[in-house]
Amino acid sequence: MNARLDEKLEPIFQDVLHRNPGETEYHQAVHEVLETLGPVLVKYSEFADKKIIQRICEPERQIIFRVPWQDDSGEIQINRAFRVEFNSALGPYKGGMRFHPSVYLGIIKFLGFEQIFKNALTGLPIGGGKGGSDFDPKGKSDDEVMRFCQSLMTELYRHIGEYTDVPAGDIGVGGREIGYLFGQYKRITNRYESGVLTGKGLGWGGSLARKEATGYGTVFFTHEMLKARGDSLDGKRVVVSGSGNVAIYAIAKAHELGAKVIACSDSAGIIVDEDGINVETLKRLKEVERRRIKAYLEYHPKAKYTEHGNIWTVPCDIALPCATQNELNGNDAKTLVENGCIAVAEGANMPTTPEGIQLFQDAGLMYGPGKAANAGGVATSGLEMQQNASRDSWTFDYTQKRLEEIMIEIHKSCYETSVEFGAEGDYVLGANTTGFIRVAKAMNAMGVI
Ligand code: NDP
């Protein structure tokens, strides 16, 4: 944590440290938001009087439970799962489920906390929450994933619902997992409650363009940042970390808007393809065959693979971190700046460390934080909920248009807020402040709850 906090905010942060020991990612996420809220408390003194920040930092409800399941050899496995229902001032809790061995309460809390402000930025009536498990889907059979999802939902079902809490996907949770989770929810409750989960398959309540939404939205946001400086994506060299759901569709949209994405990665290595990353190959490898990125070479032998390489050393105009938290540190930020990078937009949640953010801001780069830049995913989940509620399904083009409009609006409100608070173009301040004020006003109106 580098930047100092306002004297009113420092004790609140100390309390968060004290109440949530060892949850370093959560501390980082809270600190980053508090850094920007000093001027807000000057303008809205009632938020301080009513202890809105202290209340926001304490989740409304946290659920931790055991998930026992049997693997293919008959052995019993035990995982731990979480659902943190953080804030419901604006609507039902909404946020994804993450399946990854690194998951623990501190990760789910950081994600849930960020989700509150991100969801507020979308302008849709959704609160913030997040969940997940330390289950590792890698190397598991479809049957094992199904049994795990069914066991998880056997507990989770009692805590969720279309007006209560609406989970979706995140790292390790895609269409396959949402299918198993929805099937078990339906079976236990005997209700076809489409709006209880988003990211569903097309044909059983899913929305066209949801799969593409986070990656597309990140690129729409990048495009808006460039436009605000009289520039565009046309002809830009782009590097995208990751090769999962967000990365694949960020690459696809960047190509569509005239940029060339020359590198992507997974946790084992990086691929550089100067001809431009082939999206169809990526989809086949990652969505169908579930293989490692190294296999890209089998289809494009001119590309280069580096085991455990650092993707941020690949010179580019635009960097889109789309893998995981803290994947881009101060040294990486320095390398990007030295190599002439002009814009960074976060498809992932909190991928840049505080040192990295500071470096980008000091260098005057366009920097779009995840809360704003990757809000297109949850926004389109909100659109999926709208379609479910009205028993309707929209076309791909219409849904994509709505997504684009929402991303343009998010950019506009972040930008205008940055101007209002005397920090033009500071999207961190813009996103945190805009999201916070919306939630705080609603909480204030609802009394002490
Ligand atoms: P996926 O599971 O589809 O893909 C994740 C990608 O990131 C994979 O390429 C994975 O590589 C890589 N990755 C994950 N963890 C690590 C790690 N510890 N080190 C290095 N690489 C890693 O997830 P998504 O694409 O859905 O999510 C990516 C990011 O976007 C996350 O931060 C998520 O929170 C955020 N996000 C996702 C949204 C969505 O709609 N899906 C919405 C908003 C944000 P490998 O396969 O080798 O593990």
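Numbers here simply count residues along the sequence, with the first being 1. Atoms within a ligand are numbered from 1 in the order they appear, just like the ligands themselves.
Among the candidates Ser393, Ser194, Ser207, the single residue satisfying the side chain to side chain donor-acceptor pair (under 3.5 Å) test with Gln387 is Ser207.
Taking the side chain as every heavy atom from C-beta outward, Val219 and Tyr249 never approach each other to under 4.5 Å. In this structure the side chain of Ile262 reaches within 4.5 angstrom of the side chain of Val239, judged on heavy atoms. Counting only heavy atoms from C-beta outward, the side chains of Cys57 and Phe13 never approach each other to under 4.5 Å.
Among Asp136, Asn374, Thr214, the residue whose heavy atom sits closest to atom 40 (O) of ligand 1 is Thr214. Taking each of Gly269, Gly242, Gly347, Gly377 in turn, the one with a heavy atom nearest to atom 36 (N) of ligand 1 proves to be Gly347. Among Ala323, Ala375, Cys322, the residue whose heavy atom lies nearest to atom 12 (C) of ligand 1 is Ala323. The residue among Val378, Asp266, Thr324, Ile171 with a heavy atom at the shortest distance from atom 16 (C) of ligand 1 is Thr324. Across Ser267, Gly132, Ala348, heavy-atom proximity to atom 11 (O) of ligand 1 is greatest for Ser267. Atom 8 (C) of ligand 1 has its nearest heavy-atom neighbour, among Gly244, Ala247, Gly215, in Gly244. Ranked by closest heavy atom to atom 15 (N) of ligand 1, the top entry among Lys371, Gln115, His100, Gln325 is His100.
In this model, no donor atom of one side chain and acceptor atom of the other lie less than 3.5 Å apart for Glu280 and Tyr299.
Looking at Arg292 against ligand 1, only its side chain comes within 4.0 Å, counting heavy atoms. Of the heavy atoms in Arg210, only side-chain atoms (C-beta onward) come closer than 4.0 Å to ligand 1.
Between Tyr427 and His411, the ring planes are tilted. Angles from 30° to 60° get that label.
In terms of protein heavy-atom proximity, atom 3 (O) of ligand 1 is nearest to Asn245 N, 2.9 Å. With hydrogens left out, the protein atom closest to atom 33 (C) of ligand 1 is Asp170 OD1, 3.1 Å, a heavy atom. The shortest contact between atom 2 (O) of ligand 1 and any protein heavy atom is with Gly172 N, 3.0 Å. If you check which protein heavy atom lies closest to atom 32 (O) of ligand 1, you get Asn349 N, 3.2 Å. The closest protein non-hydrogen atom to atom 48 (O) of ligand 1 is Lys138 NZ, 2.9 Å.
Of the N or O atoms in Lys130, none lie within a sub-3.5 Å distance of an N or O in ligand 1. Of the polar atoms of Lys118, none of the N or O atoms is found under 3.5 Å from an N or O of ligand 1, judged by distance alone. In terms of N/O distances under 3.5 Å, ligand 1 is approached by Val246.
Protein heavy atoms are found less than 4.0 angstrom from atom 20 (C) of ligand 1.
Heavy-atom contacts of Arg98 reach the following atoms of ligand 1: 31 (C), 32 (O), 33 (C), 34 (O) (cutoff under 4.0 Å). The distance from ligand 1 to the heavy atoms of Ser243 drops below 4.0 Å at these ligand atoms: 9 (O).
Looking at Arg61 and Asp165, no side-chain N of the basic residue comes within less than 4.0 Å of a carboxylate O on the acidic one, giving no salt bridge. Taking the charged nitrogens against the carboxylate oxygens, Lys236 and Asp317 have no contact shorter than 4.0 Å, which rules out a salt bridge.
Taken to the nearest 0.5 Å, the CH2 atom of Trp394 stands 14.0 Å off from the CD atom of Gln400. Rounded to the nearest 0.5 Å, atoms CG (Leu320) and OG1 (Thr218) are 7.0 Å apart.
Aromatic rings of Tyr305 and Tyr296 (six-membered ring for Trp) have centroids beyond the 6.0 Å cut-off, not under it.
Among residues two or more places apart in sequence or in another chain, the ring pair (Phe, Tyr, Trp, His ring centres under 6.0 Å) test is passed with Phe436 by Phe47.
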